[in-house]
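Structure record follows, encoded as structure tokens.
In what follows, chains are A, B, ... by sequence order, proteins preceding strands, each numbered from 1. The shown structure was predicted, so the numbers you read here are calculated from the model rather than taken from an experiment.
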There are 2 protein chains.
Amino acid sequence: MATMQDVARLAQVSVSTVSYVLTGARPISQGTRAKVLAAMAQLDYQPNAMARGLASRRSRILGLLLPMDERGLGATETAFVTGAAAAASAVGYHLVLSPVGGGGDLDGLRRLASQRMFDGVVLMEVQLADERVGALQQAGVPLVLIGRTGDTAGLSYVDIDFEQTVREAVAYLVGLGHRQIVYVNHSAETLASGYGPALRTRDAFVTAMTGHGLEPVMIPAQDSAAGGRAALAAAITRTPGLTAVLAMNETAVFGILGELTGRGLAVPDDVSVVSMVTSPQVAELATPALTAMTSPGSALGRIAVEALVRHLDGAGDERHQQLLPCALEIRGSTAAPRSRHPDGG
Amino acid sequence: MATMQDVARLAQVSVSTVSYVLTGARPISQGTRAKVLAAMAQLDYQPNAMARGLASRRSRILGLLLPMDERGLGATETAFVTGAAAAASAVGYHLVLSPVGGGGDLDGLRRLASQRMFDGVVLMEVQLADERVGALQQAGVPLVLIGRTGDTAGLSYVDIDFEQTVREAVAYLVGLGHRQIVYVNHSAETLASGYGPALRTRDAFVTAMTGHGLEPVMIPAQDSAAGGRAALAAAITRTPGLTAVLAMNETAVFGILGELTGRGLAVPDDVSVVSMVTSPQVAELATPALTAMTSPGSALGRIAVEALVRHLDGAGDERHQQLLPCALEIRGSTAAPRSRHPDGG
DNA sequence: CCGCTTCGTCGAACCGCTTCGACGAGCCGG
DNA sequence: CCGGCTCGTCGAAGCGGTTCGACGAAGCGG
């Protein structure tokens, strides 16, 4: 492991000159620069990350904080992570995957923040009221959220535009002629815990349906195929004439499809299904392939990291607040309802 | 940000004493220790990670190197990652997610290794002949593989026991009475690239089938639902009387199910399907739920990190080589073949 | 009672890099 | 021709810890 000293000695300059060649913090003449670069090449020199971090007080490490419960990450979250990692790598930063206990581990978070290992952090799975945000801000760590709290004043975040996504999905189904549309959300517990996407889409669904003069029916579902089956059963009991299901639950939607088939209801001829915030890969797994609101996926992670790095590198303290809608991708799980005219007769 | 100096001053001891209290490298008396701990608590002291890393030449950061191509991580890989992250966190290490270009980025790898940011690395998606292994070893970075190369001499690795997994899967199907079993593998390109799991399972399938006196038929498939459909079509052409499919392709298996249904073949009554190296979550998504060889998932990631940390903390240079089989979990996609007796009569 | 460990603590030398102040050398305008 | 700049470089002081050698005090066997 060659050090800067070695390079300086070989190039017959001082260490500070070598440092300036590397960082560009001060002008260096052509000739000197060439000598230094040659010496570096000859010694196969690589700057020591720790030393650089200590001296410059910039670790060039970003933290990606995500609660990791028992059942791991869904496809959507995984896309956030990979997008963030790729973006960080592209701008010369490292990305640490830091599993933080969802709940009471605030102290652990504070400790982490105080170790000054992270120049900044991306916080995932944000609740509407999330005490982690305050703790992090208080610790003085630059912060970008994927998702957002209820009050976003002074915060940087990237999130899915749930309102618009729901509006488009409902408009699409209504346009096909559907009138009895049931919304299958995450579980009641998830809703109660203040999980933003579940709550925002719930409200947006009410607004959208009411706007079309239709009755909004929402059914919660556990995040599992079995949960989807149960939810569909509940939905049919509640709304026997339903012709379309809008599902905000990547996992449950497969159970919904199964239960539909099991009851002799054809998709899409008897019942149409639209899956919200879903990746193409997952949508293609279903039979028929799911018409879905395609999640921005890795783009969210990428944008979050880019915003964070811009904040760190630039002196700016401007906030980055951005919402990305999901794009409607029509596949085989939707059609006009069988028993009505498309215009709703 | 309080420093060690501040703590030492408040506790009226020297910095080295504070350091010894923290690291336990030398004995400290009860009284002194108490004074120091009190001072730390009062100042809310947290050691600076960079400084500690520089002085001790141990960053307490592990790298998780994985090629990240366009389509992101599958459920199995995601489980590795989360398992590794949780394990690292549990033993006081950080885990950096480092996307390394699959192919020619060896120089980038070497550079990364020379920066001394990682105390050790876990390498994922290992090929049978993987030049990254040599590069890393040469750079002197402690290394554990998830997966393994062809020659594992002197290497530490954790991998799935593909041979046993295939043997069990085949034995199970044969036991049910199946005789015409087709193996759907990853794509031909993947096989050609030397991807270990694809090659090992291929060979194991041949061995297992031959051992039962049956003809081994393998069909490659793209990693997509469409690839699965195409593969099933090819399989039926090749083996019109097939009664069971063994699939080593989490994504394609959904296409296989779809195509089967599309052709009026019932699962499991007409054709049984077993999915290899599959997580319960994914298996439950299918209709019917997939009988699967359940992948060890996060356990692999955890074991890899634990082995690596043991190697780093202990002085030992013993190798850790471990194979974990997938466990057969019977769900709804398998049954005895319709047209024959269970004993194959 | 003496010399020798062992225990607990201190001071100082790093670890490898960044950054600040200083300074000689050219260059400019007046 | 001179004062004052800017340019390019150097030396040294950190950054915040770890670790080694030293050293006084206490404990011990002979």
Side-chain angles (χ1 to χ4, degrees), chain A residues 1-37 39-40 43-61 92 111 113-119 312-313, chain B residues 1-37 39-40 43-61 92 94 111 113-119 312-313 315:
Chain A
M1 285 308 111
T3 75
M4 216 171 223
Q5 300 267 10
D6 303 327
V7 174
R9 199 174 307 126
L10 182 59
Q12 310 196 63
V13 297
S14 73
V15 276
S16 46
T17 300
V18 177
S19 176
Y20 291 133
V21 167
L22 229 39
T23 64
R26 286 195 185 178
I28 295 290
S29 69
Q30 267 307 321
T32 308
R33 177 192 312 285
K35 273 197 306 183
V36 170
L37 290 176
M40 284 183 180
L43 295 174
D44 197 21
Y45 169 75
Q46 285 301 131
N48 179 300
M50 293 289 121
R52 191 199 276 261
L54 176 58
S56 66
R57 280 163 291 279
R58 313 266 321 268
S59 65
R60 299 192 79 80
I61 298 177
R111 214 170 310 129
S114 304
Q115 291 180 177
R116 307 273 97 177
M117 162 149 302
F118 301 147
D119 288 349
L312 293 174
D313 285 351
Chain B
M1 286 307 112
T3 75
M4 217 171 219
Q5 300 269 8
D6 303 327
V7 175
R9 199 174 307 128
L10 182 59
Q12 309 197 64
V13 298
S14 72
V15 278
S16 46
T17 300
V18 177
S19 176
Y20 292 132
V21 168
L22 228 40
T23 64
R26 284 193 186 178
I28 295 290
S29 69
Q30 268 308 319
T32 307
R33 178 193 311 285
K35 273 196 307 181
V36 170
L37 290 177
M40 283 184 181
L43 294 175
D44 196 21
Y45 169 75
Q46 286 301 133
N48 179 300
M50 293 288 122
R52 193 199 275 260
L54 175 59
S56 66
R57 282 164 288 280
R58 313 265 323 265
S59 64
R60 301 192 79 79
I61 298 177
H94 291 282
R111 214 170 310 129
S114 305
Q115 290 179 181
R116 308 274 96 178
M117 162 150 300
F118 302 149
D119 287 350
L312 293 175
D313 286 351

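Here dG8(D) is the nucleotide among dG8(D), dC10(D), dG17(D) with the atom lying nearest to any side-chain atom of Pro27(A). The nucleotide whose nearest atom lies closest to any side-chain atom of Val15(A) is, among dC7(C), dA12(C), dA12(D), dA12(D). Nearest to the side chain of Thr23(B), among dA12(D), dT19(D), dT18(D), sits dT18(D).
When the nearest nucleotides of DNA chain C are assigned to Arg57(B) and Thr17(B) by heavy-atom distance, the more 5′-ward of the two goes with Thr17(B). Comparing Ala25(B) and Ala55(A), the nucleotide of DNA chain D nearest to each residue sits closer to the 5' end for Ala55(A). In this structure, Arg52(A) and Ser29(B) both approach DNA chain C, and ranking their closest nucleotides by distance from the 5' end singles out Ser29(B).
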Dot-bracket encoding per residue of DNA chain D, Watson-Crick/G-U cut-off under 3.5 Å, | denoting interstrand: ||||||||||||||||||||||||||||||
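The two residues Gly53(B) and Met50(A) have their closest heavy-atom pair at CA-SD, 3.9 Å. Residues Val21(B) and Leu37(B) share a closest heavy-atom pair of CG1-CD2, 4.0 Å. In terms of heavy-atom proximity, Leu54(A) sits nearest to Ala51(B) at CD1-CB, 3.7 Å. Heavy-atom minimum distance, Arg60(A) versus Asp119(A): N-OD2, 2.7 Å. Looking at every heavy atom in both residues, Tyr45(A) comes nearest to Leu22(A) through CE2-CD2, 3.9 Å. The nearest pair of heavy atoms linking Ser114(B) to Met1(A) is O-SD, 3.8 Å.
Atom-to-atom, CD of Gln115(B) to P of dC17(C) comes out at 11 Å; the value is rounded to the nearest Å. Distance Tyr20(A) OH to dC17(C) C1': 11 Å, rounded to the nearest Å. Distance, Met117(A) CE to dG17(D) P: 13 Å, rounded to whole Å. Atom CZ in Arg33(B) sits about 11 Å away from atom C1' in dG8(C), given to the nearest Å. Atom CG in Leu54(B) sits about 9 Å away from atom C1' in dC15(D), given to the nearest Å. Summarising the geometry, the separation between CE on Met50(A) and C1' on dC17(C) is reported as 13 Å, rounded to the nearest angstrom. The nearest whole Å value for the distance from the CD1 atom in Ile28(B) to the P atom in dT6(C) is 18 Å. Atom P of nucleotide dG8(C) and atom NZ of Lys35(B) are separated by 14 Å, given to the nearest angstrom.
Of all the residues in residues 1-12 of chain B, Thr3(B), Met4(B) reach under 4.0 Å from DNA chain D with at least one non-hydrogen atom.
In this structure, CD in Gln46(A) is found 9.5 Å from CZ in Arg52(A), a value given to the nearest 0.5 Å. For the atom pair Ile61(A) CD1 and Arg116(A) CZ, the distance stands at 13.0 Å (nearest 0.5 Å).
Contact between the side-chain N/O atoms of Ser56(B) and the OP1/OP2 oxygens of dT18(D) is not found at any separation under 4.0 Å. Between Ser19(B) and dT18(D) there is a side-chain polar atom (N or O) within less than 4.0 angstrom of OP1 or OP2.
The main-chain N or O of Met117(A) is found under 3.5 Å from a side-chain atom of Ser59(A) such that the two form a donor-acceptor pair.
No contact: Val18(B) has no heavy atom under 4.0 Å from any strand.
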Which protein N or O atoms sit under 3.5 Å from an N or O of nucleotides 22-25 of chain D?
unit_1  : atom_1 : unit_2   : atom_2 : d
dA22(D) : N6     : Arg26(B) : NH1    : 3.3

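The only member of Val13(B), Val18(B), Ile28(B) that meets side chain to side chain contact (heavy atoms under 4.5 Å, CB included) when paired with Lys35(B) is Val13(B).
Between the side chains of Ser14(A) and Thr17(A), at least one donor N or O sits under 3.5 Å from an acceptor N or O.
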